[in-house]
2 protein chains.
Amino acid sequence: MSSQESAPGSARPGGRTARNTTAVLQATLDELGEHGYGAITVDLVAARSGVHKATVYRRWGGVDGLVRAALDWSADQDWEPARTGGLYTDLLALAETVAEGFTEAPEREVSAAAIAAAFESGAVADALHRFMADRHRRSAVVVTEAIARGELPEGTDPEEVVRSAVAPVYYRLLVSREPVSPADLRRTARITADAAAAGAFVPAAPDPAP
Amino acid sequence: MSSQESAPGSARPGGRTARNTTAVLQATLDELGEHGYGAITVDLVAARSGVHKATVYRRWGGVDGLVRAALDWSADQDWEPARTGGLYTDLLALAETVAEGFTEAPEREVSAAAIAAAFESGAVADALHRFMADRHRRSAVVVTEAIARGELPEGTDPEEVVRSAVAPVYYRLLVSREPVSPADLRRTARITADAAAAGAFVPAAPDPAP
DNA sequence: CGTCAAACGCAACTAGAGTTGCGTTATGAG
DNA sequence: CTCATAACGCAACTCTAGTTGCGTTTGACG
């Protein structure tokens, strides 16, 4: 998790600034995981990281900036979807990952914080957009492989399939505030996989039933 | 919008308390619509409504309480989905309503505020859950009518169909922070309608392709 | 090794959110 | 009409998030 002590491309790679950066961002993630987005404070992060309060305000501007930076920081870490050999089970694993990310501590609070902070800061919203776009790109592999296996028609939009599979999970957890059952996960994966097989995600194709 | 000056079941239906309630909640909605959730303040709402700051804090506890009350208040207003005669077009209209509710001012800020405040307050989260559950119940009519018309198999879970149709819209707007195109709306409605027609929302039914 | 600028630590300050005690007003019941 | 009380308005207060001026430290570079 904290394996990047030196950023080669930065201005002062191994200096005090870089150490402060990792200390502050790690403290931000820890604080979020323990107390959640509603309770996080610049003073708490400063005290936890050992970096002075004024420095944190100067470099990150506030809680929003901390979340934004932590999000960009997390986006750098490698991530790839689980591969099971079939599209339905791949999508199911994807949906399960999302559900776990929002229900199991401490990741739960961090994930929710990113979404919540995006409402209050355009910079966080942009960072969240980039983060999700990256996840879409990486997750798309399971769809392109399904196309290669002949499970799906050529021209299927891979990222759109991913969105369709995970959207209902986010909806239940963040919008309608309902629990997500294993049956819910299976239904999303099933519907998306079937729709994809039927060619519903081929952009150029006209509506199958006008 | 402000047609309920007296709540018959309340303790003091037509008194100063009731007037203050409507004034404060209306001011909350107005303030949210103009400046958004990030800028709303108890002082601003108090000044706008003419009700004293201390009174607002005593009765609602803070911004979270205001949003929660405004949400419950809005939930009382009658709402029903548009009816077009077919399931696909009904679901499309539903998805369009959601998209407009989050993109057109001033409703946009109010909708976003409800979701955002739910992250910071369990009471708001509960209110949001109730609000969405009510919307699900009301929207389910378009599905039950489709069942009655023979478009969908008996036993189809109506509210689950609704969730499936609107979830991708919320996902793009609030999570991945992407624009929602008319083609996106048509795709969601199409996929959900087709899946429903195939019996994907009949709970007792086993997986169609084991 | 010496220099210099950027970043940092520190402490004091400002501003605004949230609280509290008390007198006043309005409302529903008798 | 009178009265008891709950809700309200008011002002003064506390507390904490956020800012700022200044001296000090750090690390890149010659």
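Predicted, not measured: the structure shown is a model, and the values here were computed from it. The sequence lines fix the lettering, A, B, ..., with proteins before strands; numbering per chain opens at 1.
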Engineer: What is the distance, rounded to the nearest whole Å, between atom NE2 of A:His52 and atom P of D:dT20?
Structural biologist: 16 Å
Engineer: Would you list the pairs meeting salt bridge (Lys or Arg N to Asp or Glu O under 4.0 Å) in which at least one residue belongs to residues 21-34 of chain A, sequence neighbours left out?
Structural biologist: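 For residues 21-34 of chain A, and leaving out neighbouring residues, the salt bridge (Lys or Arg N to Asp or Glu O under 4.0 Å) pairs sorted by first residue read A:Glu31-A:Arg48, A:Glu34-A:Arg48.
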Engineer: If a pair satisfies side-chain hydrogen bond (donor to acceptor under 3.5 Å, both in side chains) and one of its residues is in residues 49-62 of chain B, list it, with sequence neighbours excluded.
Structural biologist: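 Counting only pairs at least two positions apart or across chains, the side-chain hydrogen bond (donor to acceptor under 3.5 Å, both in side chains) contacts touching residues 49-62 of chain B are B:Thr21-B:Arg59.
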Engineer: Round to the nearest Å and state the distance from B:Trp60 atom CH2 to D:dA7 atom C1'.
Structural biologist: 11 Å
Engineer: Which salt bridge (Lys or Arg N to Asp or Glu O under 4.0 Å) pairs, counting each pair once, include a residue from residues 101-116 of chain A, with sequence neighbours left out?
Structural biologist: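 Every pair satisfying salt bridge (Lys or Arg N to Asp or Glu O under 4.0 Å) with a residue in residues 101-116 of chain A: there are none.
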Engineer: Is there a donor and acceptor pair, one atom on the side chain of A:Arg58 and one on the base of D:dG18, closer than 3.5 Å?
Structural biologist: no
Engineer: When the C1' atoms of the five terminal pairs at each end define the local axes, what inter-axis angle does the helix from C:dC1-D:dG30 to C:dG30-D:dC1 show, to 10 degrees?
Structural biologist: 30°
Engineer: Check ring-ring contact (aromatic ring centres under 6.0 Å, His included) between A:Phe102 and all other residues, then give those that pass, not counting sequence neighbours.
Structural biologist: A:Tyr170
Engineer: With respect to the phosphate group of D:dA7, does any side-chain polar atom (N or O) of B:Asn20 fall under 4.0 Å of OP1 or OP2?
Structural biologist: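 So the side chain of B:Asn20 is outside the cut-off, no N or O lying under 4.0 Å from OP1 or OP2 of D:dA7.
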Engineer: What does B:Arg59 touch in the nucleic acid at a heavy-atom separation under 4.0 angstrom: a base, only the sugar-phosphate, or nothing?
Structural biologist: sugar-phosphate
Engineer: Tell me, which pairs form a salt bridge (Lys or Arg N to Asp or Glu O under 4.0 Å) where one or both residues lie in residues 113-137 of chain A, sequence neighbours left out?
Structural biologist: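 Residue pairs with at least one partner in residues 113-137 of chain A: A:Asp72-A:Arg130, A:Asp134-A:Arg137, A:Asp134-A:Arg138.
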Engineer: For residues 173-197 of chain B, pull every pair meeting ring-ring contact (aromatic ring centres under 6.0 Å, His included), keeping only residues two or more places apart or in separate chains.
Structural biologist: none
Engineer: With rounding to the nearest 0.5 Å, note down the distance linking CZ in B:Phe119 to CD1 in A:Ile115.
Structural biologist: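 Output value for this atom pair is 6.0 Å.
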Engineer: State which residues pass salt bridge (charged side-chain N to carboxylate O under 4.0 Å, His left out) with A:Arg177; sequence neighbours excluded, sorted by chain then number.
Structural biologist: none
Engineer: Under 4.0 Å: is that the gap between some side-chain N or O of A:Thr17 and OP1 or OP2 of C:dA6?
Structural biologist: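 No, outside the criterion.
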Engineer: Where do N or O atoms of nucleotides 14-19 of chain C meet protein N or O atoms at under 3.5 Å, pair by pair?
Structural biologist:
{"from": "C:dA17", "atom 1": "OP2", "to": "B:Asp43", "atom 2": "OD1", "distance (Å)": "3.1"}
{"from": "C:dG18", "atom 1": "OP2", "to": "B:Tyr57", "atom 2": "OH", "distance (Å)": "2.8"}
{"from": "C:dG18", "atom 1": "O5'", "to": "B:Tyr57", "atom 2": "OH", "distance (Å)": "3.3"}
{"from": "C:dG18", "atom 1": "N7", "to": "B:Lys53", "atom 2": "NZ", "distance (Å)": "2.9"}
{"from": "C:dG18", "atom 1": "O6", "to": "B:Lys53", "atom 2": "NZ", "distance (Å)": "3.0"}

